[in-house]
Chemist: 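Can you read through this structure? Questions will come right after.
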Amino acid sequence: MARSGALAMVLVIAAVVALLAGSQADAVVTCGQVASNLRPCIPYVTGKVSALPPPCCNGVRSLNSAAQTTADRRAACSCIRSQASGISGLQPGRLSGLPGSCGVHLPFPVSTSTDCSRSVT
């Protein structure tokens with residue numbers, strides 16, 4: 001009897017690990033891609049330049065095209081959130097308005113306070 005209980009517990013743990021690993025493996029957008037695509041936007045979101053640099057919008061569009069699945073969008077959201085938190089002089093209004101200024105509609109708000117696990121689908 002104890003053996004079947006232990007076996008059931010092992011199977012449950014294995015199933016949970018497989019589910020968690022699968023959700024991470026589904027994301028193909030990396031933080032490196034996010035950083036590379038959005039690096040040209042830093043002067044704009046920090047107020048160092050008044051006009052959006054064309055490479056910034058190219059990066060926003062490229063990232064939007066790459067993030068096709070919920071896992072991709074959540075990964076991108078998490079990377080944006082964590083990287084934006086480390087940018088000195090960040091102007092939150094410019095960050096949140098970035099997609100719209102580039103003509104891109106995102107299904108989640110761009111902010112350092114976005115809950116990527118709930119707001120992103």
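We number each residue from 1, following the sequence as shown. Predicted model, so just to flag it, every value in this text is computed and none were measured.
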Chemist: Quick one: are Thr112 and Leu90 in side-chain contact, heavy atoms under 4.5 Å?
Modeler: yes
Chemist: Return the CG to CZ distance between Leu95 and Arg81, rounded to the nearest 0.5 Å.
Modeler: 12.0 Å
Chemist: Check whether Ser101 reaches the backbone of Gly97 with its side chain - one donor and one acceptor, N or O, closer than 3.5 Å.
Modeler: yes
Chemist: Judged by atom type as modelled, is there a donor-acceptor pair below 3.5 Å linking the side chain of Thr46 to the main-chain atoms of Pro43?
Modeler: yes
Chemist: Under 6.0 Å from the six-membered ring centre of Tyr44 and within 45° of its axis: does the NZ or CZ of Arg94 meet both?
Modeler: yes
Chemist: Drop me the distance from Leu38's CG to Gln33's CD, to the nearest 0.5 angstrom.
Modeler: 11.0 Å
Chemist: Given side chain to side chain contact (heavy atoms under 4.5 Å, CB included), test Leu98 with Cys41 step by step and report yes or no.
Modeler: CA-CA 9 Å; Leu98 193 58; Cys41 303; 3.9 Å; yes
Chemist: Give a yes or no on whether the backbone of Ser113 and the side-chain of Ser111 come within a donor-acceptor separation of less than 3.5 Å.
Modeler: yes
Chemist: Could you go through the side-chain hydrogen bond (donor to acceptor under 3.5 Å, both in side chains) check for Arg61 and Asn64 one step at a time?
Modeler: CA-CA 5 Å; Arg61 285 189 288 274; Asn64 187 52; over 6 Å; no
Chemist: Are we looking at SG atoms under 2.5 Å apart for Cys102 and Cys56?
Modeler: no
Chemist: Which pair of heavy atoms, one from Pro109 and one from Thr114, lies closest together, and at what distance?
Modeler: O-OG1, 2.8 Å
Chemist: To the closest 0.5 Å, what do you measure between CG (Leu63) and CZ (Arg73)?
Modeler: 11.5 Å
Chemist: Could you tell me whether the side chain of Ser82 and the main chain of Cys79 form a donor-acceptor pair under 3.5 Å?
Modeler: yes
Chemist: Any side-chain to backbone donor/acceptor pair from Arg74 onto Val120? Under 3.5 Å, distance only.
Modeler: yes
Chemist: Quick check: closest heavy atoms across Ala76 and Val29, and the distance to 0.1 Å?
Modeler: CB-CG1, 4.2 Å
Chemist: Would you name the heavy atoms of Pro99 and Leu106 that are closest together and state the gap between them?
Modeler: CG-CD1, 3.4 Å
Chemist: Please report the interatomic distance SG(Cys77) to CZ(Arg118), rounded to the nearest 0.5 Å.
Modeler: 13.5 Å
Chemist: If you look at every heavy atom in Ala35 and Gln83, which pair is closest and at what distance?
Modeler: CB-OE1, 3.3 Å
Chemist: Which distance, rounded to the nearest 0.5 Å, do you find between the OG of Ser65 and the CG of Asn37?
Modeler: 9.5 Å
